[in-house]
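Okay, so here's the structure we're looking at.
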Amino acid sequence: MSVASFTTAINYPESDGKPMGETDLHRDAMFRQIELLKRFFAGQKVYVSGDLLVYYEPGNNKKFIVPDVFFTKGLKQVQRRIYRTWIERLAPNFVIETTSKKTKKRDLEVKPEIYAIIGVQEYFLFDPTKDYLEPPLQGNRLVDGAYQSIPRQPDGSLTSEQLGLKLRFNDGELEFIQPDTNQRLCTAEEELENEATARLKAEQEADRLREELRLLRESTKTQGNHDS
C-alpha cells in the first residue's frame, strides 16, 4: 500500500482551533498579501494561500504548521481544505509570517526549523507595527539546509528569488515590487483608487489649462482693444 493511500484513512483536521490573526491589522495584512500575490500570478501554475494547515509527516496528523501566507510553484490555484506535502509532492517555496506579540517567539524560533526541514526555500517575517521585529521586514533563504539572511538592497528592499519580486516595508505595509518596472503590486481596491486619483488629476489639469486659455484670450482681446 502506498503512503498516499495509507494516510488517506487518517483524519487530518482543517482547523487548529486557533484564531486567524491576533488583531484586525495582522489579519488584514495577511489577506492583502494573499490578494496581491494571487493577482500577480493569475493564470500561472502557482498556488497562493494562507492560514491553511500544512501537514508534513505522512500518517501523523499532529505534525502540521499554519503559514500566514505561502506560495508553491507547479500547483494549480484550486480550492484546498488542507495541504499535505506528500500528496501535493511539493513543499511551499515561499512563506511570510506577519509577526505579533503572541507569535514572535514561534515565528523566530519554532517555525524556521520546521520550514527548513520541509524545504521552504524562502522565509520572510513582517511586523506592521514595528514593535516586535527590528528591522520590521526580514528575509531568509535556505542554503545547505539552514536559513541565511537575505542581503538588503540600498533602497531597503529584499529580493525574493522565488517570487521574482522585491519586498519593501513602507508606512506599515508590505509592498511587492516588480524589479524591471519598479512598480508595486496593487489590490483591486488600490488599483481602482489609483485610477480615480489619476482621473481627478487629469481633470484638474484640464481645468487649469482651460483657465489659462481663457485668461490668455481675455488678455489678447484687451491688448487688441488698446491697440485700436
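The structure presented is a predicted model; accordingly, all values stated were derived computationally and were not measured.
- Side-chain atoms of N93 and Q121 form no donor-acceptor pair, as typed in the model, at a separation below 3.5 Å.
- Crowding of E212 atom CD: a count of heavy atoms from other residues, nucleotides or ligands under 6.0 Å exceeding 12.
- When every heavy atom of K76 is checked against every heavy atom of K45, the shortest pair comes out as N-CG, 4.2 Å.
- Partners of E134 by salt bridge (charged side-chain N to carboxylate O under 4.0 Å, His left out), not counting sequence neighbours: none found.
- Hydrophobic cluster membership differs between L108 and M30, with clusters built from Ile, Leu, Val, Met, Phe, Trp and Tyr side chains linked at under 4.5 angstrom.
- When all heavy atoms of L158 and R152 are compared, the closest pair comes out as CD2-CA, 3.7 Å.
- Listed by first and then second residue, the ring pair (Phe, Tyr, Trp, His ring centres under 6.0 Å) pairs that reach into residues 87-122 are F94-F124, Y115-Y123, sequence neighbours excluded.
- The heavy-atom pair separating A91 from T72 by the smallest distance is O-CG2, 3.7 Å.
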Task: N61 and Y55: CA distance, side-chain angles, deciding distance, side chain to side chain contact (heavy atoms under 4.5 Å, CB included) verdict - done: CA-CA 7 Å; N61 60 10; Y55 290 94; 4.2 Å; yes
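- Applying the ring-ring contact (aromatic ring centres under 6.0 Å, His included) rule to F41 yields the partners F71; only residues at least two apart in sequence or on another chain are considered.
- For the side chain to side chain contact (heavy atoms under 4.5 Å, CB included) test with I65, the passing option among I117, V54, V110, V95 is V54; the others fail.
- In this structure the side chain of F169 never reaches within 4.5 angstrom of the side chain of L174, judged on heavy atoms.
- Judged by distance alone, the side chain of D127 and the main-chain N or O of K130 form a donor-acceptor pair under 3.5 Å.
- Aromatic ring centres of Y83 and F70 lie closer together than 6.0 Å.
- For the atom pair S15 OG and I82 CD1, the distance stands at 12.0 Å (nearest 0.5 Å).
- The pair E191-R39 counts as a salt bridge, with a side-chain nitrogen and a carboxylate oxygen less than 4.0 angstrom apart.
- A116 approaches G145 most closely through the heavy-atom pair CB-O, 3.9 Å.
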Open item on the list: Applying side chain to side chain contact (heavy atoms under 4.5 Å, CB included) to R141 and E122, what does each step give before you reach the verdict?
Closed with: CA-CA 5 Å; R141 186 169 294 128; E122 290 180 341; 3.0 Å; yes
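- Considering only heavy atoms from C-beta on, L165 comes within 4.5 Å of Q178 through its side chain.
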TODO: Start with the C-alpha gap between L90 and T85, add the side-chain angles, then the distance that decides, and say whether side chain to side chain contact (heavy atoms under 4.5 Å, CB included) holds.
DONE: CA-CA 6 Å; L90 292 168; T85 56; over 6 Å; no
Task: Derivation of the salt bridge (charged side-chain N to carboxylate O under 4.0 Å, His left out) call for E211 and R214 - done: CA-CA 5 Å; E211 180 63 13; R214 184 187 68 78; 2.5 Å; yes
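- Atom CD1 of residue I177 and atom CD of residue Q153 lie 11.0 Å apart, to the nearest 0.5 angstrom.
- Listed here is the closest heavy atom pair of F176 and L36: CD1-CD1, 3.7 Å.
- Rounding to the nearest 0.5 Å places CG of D28 at 8.0 Å from OG1 of T23.
- Rounding to the nearest 0.5 Å gives a distance of 10.5 Å between CG of L52 and CZ of R81.
- For the residue pair G164 and P179, the shortest heavy atom distance occurs at O-CD, 3.4 Å.
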TODO: Could you please spell out the steps behind the side chain to side chain contact (heavy atoms under 4.5 Å, CB included) verdict for R84 and Y12?
DONE: CA-CA 9 Å; R84 289 170 289 184; Y12 294 93; 3.8 Å; yes
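- Under a hydrophobic clustering in which Ile, Leu, Val, Met, Phe, Trp and Tyr are joined whenever their side-chain heavy atoms come within less than 4.5 Å, directly or via other members, Y56 and I87 fall into different clusters.
- Using a 4.5 Å cut-off on side-chain heavy atoms (C-beta onward), Q33 and T98 make contact.
- Side chains of R168 and E175 form a contact here, defined as non-hydrogen atoms less than 4.5 Å apart.
- For the pair R80 and Y47, the cation sits on the ring face: its NZ or CZ lies under 6.0 Å from the ring centre, inside 45° of the axis.
- One finds a salt bridge joining K166 and D155 here, because a Lys/Arg side-chain nitrogen approaches an Asp/Glu carboxylate oxygen to under 4.0 Å.
- In the hydrophobic clustering of this structure, L142 groups with L125; members are Ile, Leu, Val, Met, Phe, Trp, Tyr whose side-chain heavy atoms approach within less than 4.5 Å, directly or through other members.
- Using a 4.5 Å heavy-atom cutoff, the side chains of E14 and L53 are not in contact.
- The CG atom of L167 lies 6.0 Å from the CG atom of L137; values are rounded to the nearest 0.5 Å.
- The residue from K102, K104, K111, R106 that alone fulfils the salt bridge (Lys or Arg N to Asp or Glu O under 4.0 Å) condition with E97 is K111.
- The closest side-chain heavy-atom distance from D68 to I96 is not below 4.5 Å.
- Two residues are said to be in side-chain contact when any heavy atoms from C-beta on lie closer than 4.5 Å; L37 and V69 meet this criterion.
- Here the CG-NZ distance, from L75 to K73, works out to 12.0 Å after rounding to the nearest 0.5 Å.
- When atom types are taken as modelled, the side chain of Q77 and the backbone of V48 share a donor-acceptor pair closer than 3.5 angstrom.
- Linking ILVMFWY side-chain heavy atoms closer than 4.5 Å, directly or via other members, places I118 and W86 in two distinct hydrophobic clusters.
- Side-chain contact check for E190 versus R184: some heavy-atom pair is nearer than 4.5 Å.
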